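Data block below; observations after.
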Amino acid sequence: MKLIKFFLFGVYFGVVLVKAEVVSWFRIQEMFYFQSVHMYGIIGSAVIVGALSVFLIRTFGIRSVEGEEIKLAAKPFNKVGNLAGGIVFGLGWALVGACPGPLYALIGAGYWSVLIALAGAFAGVVTYGYAKPHLPH
Amino acid sequence: MIDAITGPWPWWISGPLLGLMVPLLLLLANKQFGVSSSLQHICAAVLPVRKAKYFNYDWKASLWSIVLVAGVVVGAALAVLFLNGDSAPAVSSSARELFASWGLSSPEALQPAEIFGTSALSSPAVLVILIGGGFLVGFGARYANGCTSGHAIMGLSLLSVGSLVAVIGFFIGGLAMAHLILPYIVSLL
């Protein structure tokens, strides 16, 4: 039953992703050509809301609704992995015009050919999973 | 009011609404926001890949992440069905000129029909965009240990240096693709 709330968070996120137009290939190209403030404004203001939330939680020691201490841990910094993986990700983001959230959202939005892109993403993840021991991180 | 919701949302509304995923997950569920790990968990759950150490773990402990992305699919469908979600983005005039110079018709929906329409699937260039783009996104997100949500939104909110490096990588790769490679691929459509 605890999982239902995650489904609802996802529904909310899916609605906002679509209405924010960040799932649009057009918007992604416009961003990489610096032709509009739209995507930068969205990412920037989302980070401001997120950072302010983290700041308030840390400063006031706010606990979760279940009374737990909130876990706030940055991911480990892998100098090579973060940069090289990030560059590979960016190449894909600009090509298909969607990052993982939008890939899921576009299927819900009825863009059936994105199922092929999602299959490609799974192939990429499987390839990474097998290649991981041989890659520099 | 209804018009404001079904019409286009300005970035200064939709951006903060996306950022709200961070406190929602932290306060209501004590989880850090991220999407791309769901790809790993789905592979671990349904594909015969458990010989790789990367997929050999208790994915059920991360079931929440798979449930969340199932919700994303449904939420996107609701946005299209009830909130006019598939309307054409009002891109700038310079972006319109760019798309015209690539031989694409001006935006009539979220996505260009020449690439995302099912009738476009017979074009090899479209398959390169879909399969190649998807592959790079999946491989890169896991190599970088996060995507736009986990690194750009959650990671930068935590002021994480590693996430900043990943985001810089996103833009190095994205700018290289959009300016150096994509125009050639689009010319083959």
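Bear in mind that the values here come from a model prediction, so they are computed numbers and not experimental data. Here is the naming used below: chain letters follow the sequence lines, and residue numbers restart at 1 for every chain. All values below come from the heavy atoms of this structure, side chains included, with hydrogens, waters and symmetry mates left out.
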> For F55(A), is it the side chain, the backbone, both or neither that has a heavy atom under 4.5 Å from a heavy atom of chain B?
Replying inline: neither
> Pick one: which of V35(B), L25(B), V69(B) meets side-chain contact (heavy atoms from CB on, under 4.5 Å) with F13(A)?
Replying inline: V35(B)
> Under a 4.5 Å heavy-atom cutoff, which of L52(A), L106(A), L56(A), V80(A) has the most pairs with chain B?
Replying inline: L106(A)
>> Whether the side chain of Q32(B) engages the backbone of A73(A) through a donor-acceptor N/O pair (distance < 3.5 Å, no angle test) should be reported.
In response: yes
>> If you apply the rule side chain to side chain contact (heavy atoms under 4.5 Å, CB included), what do you find for L68(B) with F7(A), and how did you get there?
In response: CA-CA 5 Å; L68(B) 189 145; F7(A) 183 77; over 6 Å; no
> Do you know the tightest heavy-atom contact between G92(A) and L136(B)?
Replying inline: CA-CB, 3.6 Å
> Which pair of heavy atoms, one from N30(B) and one from K71(A), lies closest together, and at what distance?
Replying inline: OD1-N, 2.9 Å
> Y111(A) versus chain B, heavy atoms under 4.5 Å apart: side chain, backbone, both or neither?
Replying inline: side chain
> Taking side chain as C-beta onward, heavy atoms only, is L63(B) less than 4.5 Å from F6(A)?
Replying inline: no
> Given that the side chain runs from C-beta out, which part of L17(A) has a heavy atom under 4.5 Å from chain B: side chain, backbone, both or neither?
Replying inline: both
> Would a distance-only check, ignoring hydrogens and angles, find a side-chain to backbone donor-acceptor pair under 3.5 Å from T148(B) to C99(A)?
Replying inline: no
> Heavy-atom distance under 4.5 Å to chain B: side chain of A109(A), backbone, both or neither?
Replying inline: both
>> Between I48(A) and chain B, with a heavy-atom cut-off of 4.5 Å, which part of the residue counts as in contact: side chain, backbone, both or neither?
In response: neither
> Pairs in or reaching into residues 10-35 of chain A: which pass salt bridge (charged side-chain N to carboxylate O under 4.0 Å, His left out), with residues at least two apart or in two chains?
Replying inline: E21(A)-R27(A), R27(A)-E30(A)
> Do you know which of I28(A), I70(A), V54(A) has the most heavy-atom pairs under 4.5 Å to chain B?
Replying inline: I70(A)
>> Classify the ring geometry of Y54(B) against Y128(A): parallel below 30°, tilted from 30° to 60°, perpendicular beyond 60°.
In response: perpendicular
> Can you list the steps and then say if I116(A) with L121(B) is a side chain to side chain contact (heavy atoms under 4.5 Å, CB included)?
Replying inline: CA-CA 10 Å; I116(A) 296 171; L121(B) 284 173; 3.6 Å; yes
> So which of S113(A), A74(A), S36(A) has the largest heavy-atom pair count under 4.5 angstrom toward chain B?
Replying inline: S113(A)
> Between the side chain of K5(A) and the main-chain N/O of L28(B), is any donor-acceptor distance below 3.5 Å?
Replying inline: yes
> About how many Å separate CD of E108(B) and CZ of F26(A), when rounded to the nearest 0.5 Å?
Replying inline: 8.5 Å
> Which residue out of L91(A), V37(A), V18(A), V49(A) racks up the most heavy-atom pairs below 4.5 Å with chain B?
Replying inline: L91(A)
>> At a heavy-atom distance under 4.5 Å, which candidate from N78(A), L72(A), I107(A), I43(A) has the highest pair count against chain B?
In response: L72(A)
> Run the side chain to side chain contact (heavy atoms under 4.5 Å, CB included) check on V137(B) and V96(A) step by step: do they pass?
Replying inline: CA-CA 9 Å; V137(B) 163; V96(A) 74; 4.2 Å; yes
> Is Q111(B) reaching over with its side chain to a backbone N or O of W25(A), donor-acceptor style, under 3.5 angstrom?
Replying inline: yes
>> Parallel, tilted or perpendicular: which one describes the rings of W93(A) and F171(B), with boundaries at 30° and 60°?
In response: perpendicular
> Is the backbone of A51(A) close enough, under 3.5 Å, to the side chain of S157(B) for a donor and an acceptor to pair up by distance?
Replying inline: yes
>> Given heavy-atom pairs under 4.5 angstrom as the criterion, report whether the side chain, backbone, both or neither of M31(A) touches chain B.
In response: side chain
> Does L47(B) reach the side chain of V126(A), with side-chain heavy atoms less than 4.5 Å apart?
Replying inline: yes
> Among K75(A), H137(A), K79(A), R63(A), which has the most heavy-atom pairs under 4.5 Å with chain B?
Replying inline: K75(A)
> Judged by atom type as modelled, is there a donor-acceptor pair below 3.5 Å linking the side chain of S24(A) to the main-chain atoms of L110(B)?
Replying inline: yes
>> Before you tell me yes or no, could you show the steps for T127(A) and F135(B) under side chain to side chain contact (heavy atoms under 4.5 Å, CB included), namely the whole-Å CA-CA distance, both residues' side-chain angles and the distance that decides it to 0.1 Å?
In response: CA-CA 9 Å; T127(A) 306; F135(B) 185 93; 3.3 Å; yes
> Is there a donor-acceptor pair under 3.5 Å between the side chain of H179(B) and the backbone N or O of F32(A)?
Replying inline: yes
>> Is there a ring pair (Phe, Tyr, Trp, His ring centres under 6.0 Å) between Y33(A) and W102(B)? Walk through the geometry before answering.
In response: CA-CA 13 Å; Y33(A) 278 80; W102(B) 284 348; 5.8 Å; yes
> Between K31(B), K53(B), R142(B), which shows the greatest number of heavy-atom pairs under 4.5 Å with chain A?
Replying inline: R142(B)
> Looking only at heavy atoms, which of residues 16-24 of chain B get nearer than 4.5 Å to chain A?
Replying inline: P16(B), L17(B), L18(B), G19(B), L20(B), M21(B), V22(B), P23(B), L24(B)
> Does some side-chain heavy atom of F77(A) sit less than 4.5 Å from a side-chain heavy atom of S160(B)?
Replying inline: no
